[in-house]
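These notes concern the structure reproduced below.
All ligand and atom numbering here is 1-based and tracks the order in the structure.
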Amino acid sequence: MSKPVLQVVIASTRPGRVGRVIGEWFYERAVAGGDFDVELIDLAEVGLPFLDEPNHPKLKQYEHAHTKEWSAIVERGDAYVFVTPEYNHSFNAVLKNALDFLHQEWQHKAAGFVSYGGLSGGTRAVNSLRQVVSTLKMIPVVEAVNVPFVPQLLENGTFKPNDMMTASADALLAELAKLTSALRPMRLSAA
Ligand SMILES: Cc1cc2nc3c(=O)[nH]c(=O)nc-3n(C[C@H](O)[C@H](O)[C@H](O)COP(=O)(O)O)c2cc1C
């Protein structure tokens, strides 16, 4: 069996965002880990409009090419890591919109979180996000990377994690691999 696909989803689309460099760091860590085929999915590049499908996504009756393309991307993922900022004590609207667009594509797959922000390190964003991914029947893992005071860890536009963050990333990847090895055969046998 081929390696499972991990999609690292960069949620922030803001000009000047920090999210891209954090996402790239985690992507490289995941590639080095070797358990997954890793894809970097940047919502700025996906470029979805606000949800504009007439049918409930549960039905998978999509009218727009952008939805069909987004569906095909998410479908090939076996696990996801959402790289999320904290905006007003929650995750950002672009990510909520991207999640809302689809339904079956997300189901019965492991989800992990890399968050960043001020003092809270984006933990409030992750708490909100856990509720939403659980409703979509993703299985959120407890292990996570939370980066407080993110500007202090940027050097010349590169993210410089401390040892705790690197260890957290590896723990998150290990847990995702464990869960994915159980969920993937389950999904394939149900298909
Ligand atoms: C609209 C907005 C709301 C924010 N709210 C919070 C917040 O509630 N908690 C926090 O720790 N940081 C907050 N911040 C600061 C962000 O964590 C910081 O700007 C971070 O770089 C945003 O991620 P991004 O650069 O990838 O978009 C907020 C920033 C913006 C733009």
Nearest to [atom], what protein heavy atom do you find, and at what distance?
atom                    : result
atom 2 (C) of ligand 1  : Y87 CD2, 3.7 Å
atom 5 (N) of ligand 1  : N88 N, 2.9 Å
atom 13 (C) of ligand 1 : E86 O, 3.0 Å
atom 21 (O) of ligand 1 : V18 CG2, 3.5 Å

So, for [X] and [Y], which heavy atoms are closest and what is the spacing to 0.1 Å?
X    : Y   : result
R76  : V5  : O-CB, 3.3 Å
R184 : P4  : NH1-N, 3.7 Å
N55  : Q61 : ND2-O, 3.2 Å

Does [Y] offer a backbone N or O that forms a donor-acceptor pair with the side chain of [X] under 3.5 Å?
X    : Y    : value
D78  : K109 : no
S115 : N146 : no
S71  : T67  : no

Subset of ligand 1 atoms that lie under 4.0 Å from at least one heavy atom of [X]:
X    : result
H89  : 7 (C), 8 (O)
P85  : 22 (C), 23 (O)
G118 : 10 (C), 11 (O), 12 (N)
Y116 : 23 (O), 24 (P), 26 (O)
R14  : 24 (P), 25 (O), 27 (O)

State whether the shortest distance between N or O atoms of [X] and N or O atoms of ligand 1 falls below 3.5 angstrom.
X    : answer
L119 : no
G117 : no
G19  : yes

Would you sort out whether W70 and F101 count as a ring pair (Phe, Tyr, Trp, His ring centres under 6.0 Å), showing the intermediate values?
CA-CA 8 Å; W70 180 227; F101 251 98; 8.1 Å; no
Separation between NZ (K58) and CG (L136), nearest 0.5 Å, reads 10.0 Å
With K60 as reference, evaluate E75, E105, H103 under the side chain to side chain donor-acceptor pair (under 3.5 Å) test and give the passing residue.
E75
Atom 30 (C) of ligand 1 protein-contacted, heavy-atom criterion under 4.0 angstrom
yes
